[in-house]
Amino acid sequence: MPNAHAAVDYREKEFPMTSKDFERIADLAGRYTGIVLGEHKHDMVYGRIARRVRKLNLSSFTAYLDFLEANLQQELSNFINVITTNLTSFFRENHHFDFLYKTVLAEVKRKNHATKRVRIWSAGCSTGMEPYSIAMTLIKFGIPADWDVKILATDLDSDVLDKARTAVYSVNEVDGLAEGVVKNYFQRGGTGKEVRVKERVSQFVHFKRLNLLENWPMKGPFDFIFCRNVVIYFDKPTQKILFDRYAELLSVGGYLFIGHSENLHGISDRFENLGNTVYRKIR
Ligand SMILES: C[S@@+](CC[C@H](N)C(=O)[O-])C[C@H]1O[C@@H](n2cnc3c(N)ncnc32)[C@H](O)[C@@H]1O
């Protein structure tokens, strides 16, 4: 009985990739990123790692893996950058931004009246569209100008962070946004094919490289955390550790936003489920 793995004939591909190669890749990905690469990811893995094999002028996946293991310091970040999936968009899962605007920000404003301080974390922020969307929502809400507001935006992939820091996007990437949003929060780039997030938005966002599996230097507390479409790639024990750590860093009553296909059921009892993948810390 052929399995899914055997259905792909790598002998016809540009470089050979053996099942031992795939196991080594999956092992390294799990160890350094938490990302679980199941059997069904063979084609995806092939396409992504082939880019590195080609770039380094190597002749096989085995040669690449030997190179990677012998030169971890030099090659690991390239390996990580091709392994991560960075799909994102402005105002993705827009109901979260609605909820932020209508409920969370008014509450935060009341609660933090004395300190005038707001701390937000976008964990797994990819190319920055998520934290910039949060910043746009803060401006739309009318967060007072004299408040100390910071959005920490972190990711493991250094390439997406480089793009995020430029705050420059192609016009296609803002295509689906309402005209008013584009006008208010973006300025046209020189070629006409690009736009840049305005400084009044980007001033709130601070990008840092951070591996969610490692130590976190931040002390918190955060008023809310977005960690959307990130843990879906991790196994359940890793998810459990992560959500407990988020609970530690959130203020009591703080909010956690997760991705549309993720949930905390049977994973963490430190949050109440408010529906629509929004959770609130209860202990
Ligand atoms: C699919 S994107 C989600 C982007 C955004 N949160 C959204 O929902 O639009 C997942 C991001 O998680 C990041 N990521 C994966 N493993 C990570 C880890 N161990 N630590 C930090 N970030 C990680 C990836 O680099 C990627 O940019």
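Computed from a prediction, not measured in an experiment: that's the story for all the values here. In this chain, residues are counted from 1 in sequence order. Indexing begins at 1, ligand by ligand and atom by atom, following the structure's order.
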Quiz item: Hey, is NZ on Lys109 packed in by over 12 heavy atoms from elsewhere, all under 6.0 Å?
Solution: no
Self-check item: Distance filter under 4.0 Å to Leu210 heavy atoms, resulting ligand 1 atoms
Solution: 20 (N), 21 (C)
Self-check item: Salt bridge present between Lys163 and Asp159 (N-O < 4.0 angstrom)
Solution: no
Quiz prompt | Identity and distance of the protein heavy atom lying nearest atom 12 (O) of ligand 1 | solution = Val230 CG2, 3.7 Å
Quiz item: Against heavy atoms of Thr84, which atoms of ligand 1 measure under 4.0 Å?
Solution: 24 (C), 25 (O)
Quiz item: Is the ring centre of Phe97 less than 6.0 Å from the ring centre of Phe226?
Solution: yes
Quiz item: Is the shortest heavy-atom distance from the side chain of Pro217 to the side chain of Leu210 under 4.5 Å?
Solution: yes
Quiz prompt | Polar proximity ligand 1 side, Leu212 side, N/O cut 3.5 Å exclusive | solution = yes
Quiz prompt | Side chain, backbone, both or neither: the part of Thr85 lying under 4.0 Å from ligand 1 by heavy atom | solution = backbone
Quiz item: Relative to atom 13 (C) of ligand 1, which among Thr127, Ile258, Asp155, Leu156 owns the nearest non-hydrogen atom?
Solution: Asp155
Self-check item: Where ligand 1 meets Leu87 - atom numbers and elements under 4.0 angstrom, heavy-atom basis
Solution: 1 (C), 2 (S), 3 (C), 4 (C), 9 (O)
Exercise. Would you confirm whether the ring centroid of Phe257 sits within less than 6.0 angstrom of the ring centroid of Tyr246?
Key: no
Quiz item: In terms of side-chain geometry, is the basic nitrogen of Arg24 or Asp66 positioned less than 4.0 Å from the acidic oxygen of its partner?
Solution: yes
Quiz item: In ligand 1, which numbered atoms sit nearer than 4.0 Å to a non-hydrogen atom of Arg228?
Solution: 3 (C), 5 (C), 6 (N), 7 (C), 8 (O)
Quiz item: Under a heavy-atom criterion of less than 4.0 Å, does Asn81 contact ligand 1?
Solution: no
Quiz item: In the protein, what heavy atom is nearest to atom 9 (O) of ligand 1, and what distance, to one decimal place, separates them?
Solution: Thr88 OG1, 2.6 Å
Quiz item: Is there at least one pair of N or O atoms, one from Tyr233 and one from ligand 1, spaced under 3.5 Å apart?
Solution: no
Quiz item: Can a donor-acceptor pair be found between the side chains of Asp155 and Ser126 at a distance below 3.5 Å?
Solution: no
Quiz prompt | N/O separation below 3.5 Å, Gly34 to ligand 1 | solution = no
Quiz item: Hey, which atoms in ligand 1 end up nearer than 4.0 Å to a heavy atom of Glu130?
Solution: 5 (C), 6 (N), 7 (C), 8 (O)
Quiz prompt | Rounded distance (nearest 0.5 Å) linking atom CG of Leu58 with atom CZ of Phe67 | solution = 7.0 Å
Quiz item: Which residue and non-hydrogen atom of the protein lie closest to atom 19 (N) of ligand 1, and at what distance in Å?
Solution: Thr33 O, 2.8 Å
Quiz item: When you measure from atom 5 (C) of ligand 1 to each heavy atom in Ala123, Gly124, Ser89, which option holds the nearest one?
Solution: Gly124
Quiz item: Any salt bridge between Glu248 and Arg270, counting N to O under 4.0 Å?
Solution: yes
Practice problem: Give the numbers and elements of all ligand 1 atoms closer than 4.0 Å to a heavy atom of Asp157. | Solution: 25 (O)
Quiz prompt | Distance flag, aromatic centroids of Tyr169 and Phe90, threshold under 6.0 Å | solution = yes
Quiz item: Atoms of ligand 1 less than 4.0 Å from Asn229 heavy atoms?
Solution: 1 (C), 2 (S), 3 (C), 7 (C), 8 (O), 10 (C)
Quiz item: For ligand 1, is Phe234 a contact, meaning one of its heavy atoms is under 4.0 Å away?
Solution: yes
Quiz item: Between Arg92 and ligand 1, which residue portion shows a heavy-atom distance shorter than 4.0 Å: side chain, backbone, both, or neither?
Solution: side chain
Self-check item: Side-chain H-bond candidate by donor/acceptor type, Thr238 with Asp235, under 3.5 Å
Solution: yes
Practice problem: Using a strict 4.0 Å cut-off to heavy atoms of Ser126, name the atoms of ligand 1 that fall inside it. | Solution: 4 (C), 27 (O)
Self-check item: Test of ring centre spacing under 6.0 Å for Phe99 and Phe224
Solution: no
